[in-house]
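Presented below is the structure to which this report refers.
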Amino acid sequence: MNREISKQLQQQVLAAIQRAQPLQIVGSGSKKFLGHLCDATPLEVSGHRGIVSYDPVELVVTARAGTPLRELEQTLADAGQILPFEPPCFGPDATLGGTIACGLSGPGRPFAGSARDYVLGVKVINGRGEILNFGGQVMKNVAGYDCSRLMVGAMGTLGVILEVSLKVLPKQAAEVTLINKVSLPQALKAMNHWSGQSLPLSAACYDGEQSYLRLSGAKSAVESARQLIGGEQHGDSNAFWQAVKEHQQPFFQSSLPLWRLSLPAHTPALNLPGAWFIDWCGAQRWLLTECSAETVREQALAAGGHATLFRGGNRNIDTFQPPAAGVMQLHRHLKQAFDPDGLLNPERLYPGL
Amino acid sequence: MGDEPLDKTDHGTTPIREPAVAKVTIDKAALLVRLREIVTPDALLFDEEALRPYECDALSAYRRLPMIVVLPSTIEAVQAIMRLCYQHNVPVIARGAGTGLSGGATPVGNGVVLSLARFMSILNIDPEARTAVVQPGVRNLAISQAVAQHRLYYAPDPSSQIACTIGGNVAENSGGVHCLKYGLTVHNVRKVKIVTMDGELITLGSDALDSSGYDLLALINGSEGMLGIVVEVTVKLTPIPERAQVVLAAFDDVEKAGVAVGEVIAAGIIPGGLEMMDKLAIQAAEAFAQVGYPTDAEAILLCELDGTNEEVSEQILIVRDTMQQCGATEVRTARDEAEREAFWKGRKAAFPAVGRLAPDYYCMDGTIPRKHLPYILRRMGELSVEYDLRVANVFHAGDGNLHPLILYDANVPGELERTEAFGGKILELCIEVGGSITGEHGVGIEKLTQMHLQFGNEELVQFHAVKHAFDPKALLNPGKAVPTPKRCSEYRQLPTQDKECLSDHGDKQA
Ligand SMILES: Cc1cc2nc3c(=O)[nH]c(=O)nc-3n(C[C@H](O)[C@H](O)[C@H](O)COP(=O)(O)OP(=O)(O)OC[C@H]3O[C@@H](n4cnc5c(N)ncnc54)[C@H](O)[C@@H]3O)c2cc1C
């Protein structure tokens, strides 16, 4: 199962450079729906797989990009540890490389941090066909620019990820989810209020009728917070958050376009027609709507956030919200710096990139 | 640039020659005239006496006077200064409080030092969003003090926090004693406004938890003032834990203390802070701060547990137990807040305390996978004998960040050079075991040589390409952080020390 094929992948990139032939980097394809479709020769990285090193006491794991996320999480679970950013898989075969390239994080994000927060180092092939190492396997490392975290969320447009080193953490001893029937404004207020306290809060979402607050930590701490916050205890906390993370909640089983709005957590309810599912304490809001992209983005921008057309809808528009002109120019310069011929996942993130 | 060689205090050894870039097209007098159109006269320093305080940062062995120091107080003025310097190819070096330990803010002779010292306002505190918007010259500790009334604080706490600025923290991605649990600067900053070398004001990050596109916010953290001038920072604030408690454990053997660190983590506990000090550091800190450290111990561990009351109670028992099982000769739990603060005071004063043991000290900063600590300490002991220099060790043990402090006397001919050679060996050791040459102090000018140990030429070329994406004329903090790679003719000629280094370590070690 474990295979090291970085040299082959490098050869493929070099050959593509020779032929000036763009490449589409494919993990398992589970997040194919995300971003623009790019019509280029596939570069299959899923064969480059296996855990390279893992020493639980060091709190660091290094694995090849094609390693299935499930396999990695199982190995960590066997040692009582987790990926604290709880990456969604969106499919049984999702790979570590695809997860990092997309930079997606799950329900724990507002409390534990995001995918990029846990990346310590990467090995990549850049658009010149060079194998480069950035960061490392240690917690702290400020030598050179932070090109590792730059790869997170770059959708494979800056390099083919070969290996990733991540910080991992012990799984918390106890977990409880509390349900309260409240309105959206009440839910937002409560989530942000509790987040500002010294409490073992680890996730908070709202499904349109009820708020769900997850507590994780030492048994005694979870118990005392449970009493303080109050509410009905969920029968299967783990299964509930798994379903939120993987979009298996009834809300997500819709054919309407699905938007992801990333907003300041305490932003009041936006005036956009459609159905909402609020996660991340209010900082990540899912919206099913037929509204135009301009309308959705205008409101997201006014609130200090941005909106992504996550799934469905008209894929011919910019699915990711283009940044301000000055920032966009830096994007183009960075793309030029890593992939001068524009061969890696062209257009996957933004047109012309 | 670099007409004037960099002085190494009074000892004048190897001058570092900076790479040649575009020729400056304005002289000092003309530049002053133009700058007076932008800032008031009190914001310009240009005679030698006034420039003197800016000749170095806390790596004081390297000094050089800048041409001009300018202290603007508005973003518009920063933009205008940058546009002017860009137009005339004048190098610009940003400066916060000058507490940097790697020479990052060292001036260049024909350049302008742009001090952010007058950007001292806290612009907004939003307790509900748990964020604060601050100007770059605000001191790290001042943020926590200003938000304490809301039971919030800014988590990263470098030992220099009473002096260092948030702008400098972003530039260095600074850490502190609480990083293992609460992260580095990069984990605690939401949004940064920068002015690029051509004078453009750009916002990176947002008030939401992420922004679309590349993570330029991550890239700017730790970029050592080479990509842009940080002119505003939105920081994330953390609720003050209900309770924090410190356990002090003493060991008669450094290796036992090293094992105990791993065992605490294996028990599933992530302490708020986990610090180690060796005998020389303990004795120095105790003599300096009288905080009640056991001076006969070979090593002490300070393990801070924070969170809810119940959680902390539970964890203290586990930690005490673990320490004892690992052979601690003494385990003490701080009785009250005063004793807790005393335990930390000793640790935070360790640098100046060790500094009193000798005329000079040299603070190193490397990281290692924790399991190699016993090996590293043993080798360091051997090297200490070999180089005939004493070394004290303070260690962010939780995250594998070593701070060996080498004691020397700069007035003894050759001793500084021996110290630097010893320091270089320590960094080589860090790389040998899979670590890094800097955990939080940055590369600056200090570790340019060792960058070749950690990175191959292709990575160095890539770093230069990143720099080029932001600053194509290479005017912002030139000659720092990234040495000139072997094959990079389009960039510049090699500085002397790089040449020497390349012949030894031209290729990256495994
Ligand atoms: C006693 C002592 C203890 C220390 N302890 C720690 C510690 O525990 N952890 C730690 O991480 N560090 C520590 N340091 C190092 C130092 O304090 C940090 O690196 C700090 O962040 C530097 O901040 P400063 O404002 O002094 O920056 P300066 O020294 O003025 O500048 C540092 C670098 O940042 C750049 N810079 C400064 N301001 C800006 C800006 N606004 N925009 C762009 N670039 C800028 C400069 O060009 C330079 O490259 C310690 C230093 C001392 C002297």
Side-chain angles (χ1 to χ4, degrees), chain A residues 55 57-59 80 109-110 113-114 116-117 126 130 132-134 136-147 149-150 152-154 169-170 192 196-200 217-218 220-221 224 262-266 280 283 304-306 308 320-321 323-324 326-327 330-331 333-334 336-337 349, chain B residues 128-130 172-173 175 183-184 187 200 202 206-216 218-219 221-223 239-242 262 265-266 268 270 307-308 310-311 314 367-371 399-401 434-440 442-443 451 454-455 458-459 462-463 465-466 468-469 482:
Chain A
D55 186 349
V57 172
E58 296 290 331
L59 301 175
R109 194 279 168 242
S114 64
R116 71 91 125 134
D117 289 335
N126 66 8
E130 298 163 340
L132 308 175
N133 282 287
F134 297 113
Q137 283 87 50
V138 283
M139 295 289 160
K140 291 163 85 176
N141 185 349
V142 293
Y145 301 118
D146 192 344
C147 296
R149 291 192 176 96
L150 186 61
V152 185
L169 286 177
N192 281 289
Q197 315 293 311
S198 167
L199 290 171
S220 52
S224 73
S262 173
L263 303 171
H266 62 307
W280 292 9
H306 64 99
T308 309
F320 295 102
Q321 185 157 338
V327 177
L330 289 177
H331 276 66
H333 290 172
L334 280 170
Q336 178 73 25
L349 183 58
Chain B
E128 200 193 351
R130 297 177 306 287
E172 300 288 7
N173 190 15
L184 307 159
H187 302 108
E200 249 206 273
I202 289 177
S206 77
D207 293 321
L209 291 182
D210 46 43
S211 25
S212 102
Y214 297 152
D215 198 334
L216 302 180
L219 189 61
N221 273 279
S223 63
I240 294 177
E242 188 184 1
I265 285 158
I270 301 299
T308 63
E310 300 81 7
E311 200 172 10
E314 218 173 286
T367 55
I368 55 166
R370 264 185 274 102
K371 62 184 165 205
D399 35 36
N401 190 184
S436 167
I437 58 167
T438 171
E440 56 182 19
V443 173
M451 280 292 278
Q454 190 163 336
F455 297 103
E458 287 170 341
E459 281 95 2
Q462 186 65 72
F463 287 145
V466 169
H468 190 79
V482 185

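Chain letters run A, B, ... following the sequence lines, proteins first and then strands; every chain starts at 1.
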Query raised in the report: If we only count heavy atoms from C-beta on, is the A:H331 to B:L216 side-chain gap below 4.5 Å?
Result: yes

Report task. To the nearest 0.5 Å, tell me how far B:D207 CG sits from A:H266 NE2. Result -> 8.0 Å

Query - Straight-line distance of A:N126 CG to B:E458 CD, nearest 0.5 Å - result: 7.5 Å

Query raised in the report: Which residues pass the ring-ring contact (aromatic ring centres under 6.0 Å, His included) test with B:H187, sequence neighbours left out?
Result: none

**Report entry** Contacting moiety of B:N401, where chain A heavy atoms sit under 4.5 Å
**Finding:** side chain

Report summary line: NZ (A:K140) and OG1 (B:T367) are apart, to the nearest 0.5 Å, by 8.5 Å

Report task. Tell me, for B:E242 versus chain A, whether the close heavy atoms (under 4.5 Å) come from the side chain, the backbone, both or neither. Result -> both

Report task. Any chance you could measure B:R130, atom CZ, to A:N192, atom CG, to the nearest 0.5 Å? Result -> 5.5 Å

Requested in this report: Please confirm whether the backbone N or O of A:F320 pairs with a side-chain atom of B:S212, one donor and one acceptor, at under 3.5 Å?
Outcome: no

Query raised in the report: Which atom names give the shortest non-hydrogen contact between A:A218 and B:E311, and what distance separates them?
Result: CB-CG, 3.8 Å

Query - Nearest-0.5 Å distance that lies between atom NZ in B:K371 and atom CG in A:D55 - result: 4.5 Å

Query raised in the report: Tell me, side chain or backbone of A:S262 under 4.5 Å from chain B's heavy atoms, or both, or neither?
Result: both

Query raised in the report: Quick one: what part of A:L132 sits under 4.5 Å from any heavy atom of chain B, side chain, backbone, both or neither?
Result: both

**Report entry** Under 3.5 Å donor-acceptor, A:Q321 side chain and B:G213 backbone
**Finding:** no

Requested in this report: Below 4.5 Å from any heavy atom of chain A, which atoms of B:L209 appear? Answer side chain, backbone, both or neither.
Outcome: both

Query raised in the report: Using non-hydrogen atoms only, which part of B:E200 is less than 4.5 Å away from chain A: side chain, backbone, both, or neither?
Result: side chain

Query - Note, B:Y214 side chain near A:L330 side chain (heavy atom, < 4.5 Å) - result: no

Query - Residues forming a ring-ring contact (aromatic ring centres under 6.0 Å, His included) with A:F134, sequence neighbours excluded - result: B:F463

